Amino acid sequence: AQRVTQPEKLLSVFKGAPVELKCNYSYSGSPELFWYVQYSRQRLQLLLRHISRESIKGFTADLNKGETSFHLKKPFAQEEDSAMYYCALRLGGVNFNKFYFGSGTKLNVKP
Amino acid sequence: ETGVTQTPRHLVMGMTNKKSLKCEQHLGHNAMYWYKQSAKKPLELMFVYNFKEQTENNSVPSRFSPECPNSSHLFLHLHTLQPEDSALYLCASSQDEVNEQFFGPGTRLTVL
């Protein structure tokens, strides 16, 4: 069973529009959630992690344990946000070295 | 070069060949990872090493054999692979297993 689900393979929005990339996970313990991003011709890199509670490049994500979600949001999308976004889950406790990635969502921000 | 490097960047091999993928990290990290990224599938964690000791083997077939001679180098030895093993193989490193992972550019493997 897939631990991390990103239901949208592709999300297209216009510049300046709000964007939300969905991520749901399956884990009953204490998870750690991440968003990784891969810009065109660049390597995969960390965007943000839920324990940091930071806003990176205008993106935020809140861990909702009740809904087992960790959606990525930005109020005003920019063209340079176009990239592949991957949600990732790290299990807790003794399984702390087990990582699971979602299949990714391609964000296309149109001018 | 800084960061995480992987060689070769592209590899084509037959099912009877033996080849190795190499990963090197210049970040002073102590944990290294191999991931497999197949088309239309999520990134899959294969192996984790911490201080050269393997701490995770995610049920990977024995035709993939990792080797971590020191904290800076990680190899993935390949033998008698199948066409379905064709994928992008990514290496990553982190300081301990709980911190941010830094990824290499990947090796695009094609098995004929």
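Just so we're clear, the structure is a prediction, and the values are computed from it rather than from any experiment. We name chains A, B, ... by the order of the sequence lines, and we start the count at 1 in each one.
- Side chains of Tyr100(A) and Tyr25(A) form no contact here, defined as non-hydrogen atoms less than 4.5 Å apart.
- Using a cut-off of 4.0 Å between Lys/Arg side-chain N and Asp/Glu carboxylate O, Lys74(A) and Asp81(A) are scored as salt-bridged.
- Salt bridge status for Asp85(B) with Arg63(B): present, with a side-chain N to carboxylate O gap under 4.0 Å.
- Chain A is approached within less than 4.5 Å, heavy atom to heavy atom, by Tyr33(B), Tyr35(B), Gln37(B) from residues 32-39 of chain B, ordered by number.
- When each of Leu90(B), Val48(B), Leu45(B) is scored by its heavy-atom pairs under 4.5 Å with chain A, the top score falls to Leu45(B).
- Remark: the His77(B) side chain and the Ser20(B) side chain contain an N/O donor-acceptor pair separated by less than 3.5 Å.
- Side-chain contact annotation: Asn50(B) with Asp96(B), donor-acceptor N/O pair under 3.5 Å absent.
- Taking the charged nitrogens against the carboxylate oxygens, Glu100(B) and Arg49(A) have no contact shorter than 4.0 Å, which rules out a salt bridge.
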